[in-house]
Chemist: 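Provided herewith is a single structure, encoded as structure tokens, for subsequent inquiry.
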Number of protein chains: 2
Amino acid sequence: MNKFPAQLKKIRNEQNTTQDDLASQLFVTRQAISKWESGDSTPDLNNLIKLTDIFNVSLDTLVFGAEHETKVDPTEFVFDPKHNRYVRRLGKMNFWDFLAGYWWAVLAIVFVIGFFSLFWSGQ
Amino acid sequence: MNKFPAQLKKIRNEQNTTQDDLASQLFVTRQAISKWESGDSTPDLNNLIKLTDIFNVSLDTLVFGAEHETKVDPTEFVFDPKHNRYVRRLGKMNFWDFLAGYWWAVLAIVFVIGFFSLFWSGQ
DNA sequence: GAATTCGCGCAACTACTAGTTTCGCAAGGA
DNA sequence: TCCTTGCGAAACTAGTAGTTGCGCGAATTC
């Protein structure tokens, strides 16, 4: 559940910062960072927030990891940040999805084509 | 930046739970919750995670609030939880968008209709 | 309208632990 | 070989998270 120690180490390495470096940005000692990464201790919320600022990641990424599986199918649902909830994804209609919505248009085309066909062949 | 105290109170009230109730779920005293909500103290990461479980919200929502404004336009971009990043929204296809993708299908229908029209009128 | 319950805040205290200090170790570089 | 870089571990301490205890206003209940 809580992947913070591994996440911190991973993200820190990805951004090529040392424990010393990070420590000075957070105004704590290097050993404090070491403890966080080994799971010997856990930073308080303030330092967690500072970490999200420094690394520019979300709290959820920092604590749960990017793979924090959502219960919804991300290919079908997307997160709407404005309303803070998942909504059905629009677009990516296939042919039948389209027909369900635009049958009237297709029908209209058929009628028009049919009408002109009769008209022309009747000449 | 940190809206946790207000968020906790807000979310707790939305879900119609009392401080007592919440406290028993977290195995802490009611007064501990009171302190969290008044900002007198801050829960440790473990209790924060438990809160996200109980309320079924993200850590970011709990700490920053749902209004944690994204820099992107949510009407144009949506969050892809699978890749943990914002992607351009696939918009509601309109008729012409569809035609651009499925002109071949429409053309096929037109041919079929045309063919049968000629066939029948030729009887 | 007194008594009780519910939901919550505040002050004092304590135990825990996050963070510090100190020591040390392995890997490069000069 | 010495120095620097990057990190881990043990012992210690100060800060604070959480507990205990008191109380208060507002609904219910009798």
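Computation of the quantities below employed the complete heavy-atom set of this structure, encompassing side-chain atoms and omitting hydrogens, waters and symmetry-equivalent molecules.
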Chemist: Heavy atoms under 4.0 Å, any strand shown: does A:Ser38 hit a base, just sugar-phosphate, or nothing?
Modeler: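 Nothing, no heavy atom under 4.0 Å.
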Chemist: When you check the phosphate oxygens OP1 and OP2 of C:dG9, does a side-chain N or O of B:Ser34 lie under 4.0 Å from one of them?
Modeler: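 B:Ser34 to C:dG9 OP1/OP2: side-chain N or O found under 4.0 Å.
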Chemist: Roughly how far apart are A:Phe55 CZ and A:Gln7 CD, rounded to 0.5 Å?
Modeler: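 It comes to 10.5 Å.
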Chemist: Whole angstroms only, please: what is the CD-C1' distance between A:Glu37 and D:dG8?
Modeler: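 That distance rounds to 11 Å.
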Chemist: What's touching nucleotides 25-30 of chain C from the protein side, N or O pairs under 3.5 Å?
Modeler:
none

Chemist: Taking only side-chain N and O atoms of A:Arg12, does any of them lie within less than 4.0 angstrom of OP1 or OP2 on D:dC7?
Modeler: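 For D:dC7, OP1/OP2 do have a side-chain N/O of A:Arg12 under 4.0 Å.
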Chemist: Output the rounded distance in Å from CG (B:Leu8) to P (D:dA17).
Modeler: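 Taking atom P of D:dA17 as the reference, CG of B:Leu8 is at 14 Å.
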Chemist: If you count heavy atoms of other groups shown closer than 6.0 angstrom to CG of B:Asp53, is the number above 12?
Modeler: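 Atom CG in B:Asp53 is packed in, count exceeds 12.
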Chemist: Is the shortest side-chain heavy-atom distance between A:Trp36 and A:Leu48 below 4.5 Å?
Modeler: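 The answer is no, as the side chains (C-beta and beyond) never meet within the 4.5 Å cut-off.
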Chemist: Please tell me if the side chains of A:Phe64 and A:Lys3 come closer than 4.5 Å, counting only heavy atoms from C-beta onward.
Modeler: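 The answer is no; the side chains never approach within 4.5 Å.
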Chemist: Going 5' to 3' along nucleotides 19-25 of chain D, which nucleotides have protein heavy atoms under 4.0 Å from the base (write B), which only from the sugar-phosphate (write S), and which from neither (write -)?
Modeler: BBBB---
Chemist: Rounded to the nearest Å, what distance is computed from the CG atom of residue B:Asp40 to the P atom of nucleotide D:dA17?
Modeler: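 From B:Asp40 CG to D:dA17 P: 9 Å.
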Chemist: Within the pair B:Lys9 and C:dG9, is there a side-chain N or O less than 4.0 Å away from OP1 or OP2?
Modeler: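 It does, given that an N or O in the side chain of B:Lys9 lies less than 4.0 Å from OP1 or OP2 of C:dG9.
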Chemist: In residues 46-54 of chain B, which ones come under 4.0 Å of DNA chain D, going by heavy atoms?
Modeler: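 Contacts with DNA chain D under 4.0 Å: B:Asn47.
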Chemist: Do A:Ile49 and B:Phe4 come close enough that some side-chain heavy atom pair is under 4.5 Å?
Modeler: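 Result no, sub-4.5 Å side-chain heavy-atom pair not found.
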Chemist: I need the full list of side chain to side chain donor-acceptor pair (under 3.5 Å) pairs touching residues 19-32 of chain A, with sequence neighbours left out, sorted by first then second residue.
Modeler: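 Listed by first then second residue: A:Gln19-A:Glu37.
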Chemist: Residues of residues 14-26 of chain B with any non-hydrogen atom less than 4.0 angstrom from an atom of DNA chain D: list those, numerically ordered, please.
Modeler: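 Contacts with DNA chain D under 4.0 Å: none.
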Chemist: Heavy atoms, side chains only, cut-off 4.5 Å: are B:Leu8 and B:Leu22 in contact?
Modeler: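 The answer is yes, as the side chains (C-beta and beyond) meet within the 4.5 Å cut-off.
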Chemist: Ignoring hydrogens and angles, tell me if any N or O in the side chain of B:Thr61 forms a donor-acceptor pair with the backbone of B:Val57 under 3.5 Å.
Modeler: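 Here the side-chain-to-backbone pair does not exist.
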Chemist: Would a distance-only check, ignoring hydrogens and angles, find a side-chain to backbone donor-acceptor pair under 3.5 Å from B:Thr52 to B:Ser58?
Modeler: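 Not a single qualifying donor-acceptor pair exists.
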Chemist: Throw together a table of side-chain donor-acceptor distances under 3.5 angstrom for residues 40-47 of chain B, partners on residues two or more places apart or in other chains.
Modeler:
unit_1: B:Asp44; atom_1: OD1; unit_2: B:Asn46; atom_2: N; d: 3.3
unit_1: B:Asp44; atom_1: OD1; unit_2: B:Asn47; atom_2: N; d: 2.9

Chemist: Say you draw a straight line from OG1 of A:Thr18 to CZ of A:Arg12; how long is it, rounded to the nearest 0.5 Å?
Modeler: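 If we round to the nearest 0.5 Å, A:Thr18:OG1 and A:Arg12:CZ are 7.0 Å apart.
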Chemist: Of all heavy-atom pairs between A:Lys50 and A:Leu26, which one has the smallest distance, and what is that distance?
Modeler: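 Scanning both residues, the minimum pair turns out to be CB-CD2, 3.4 Å.
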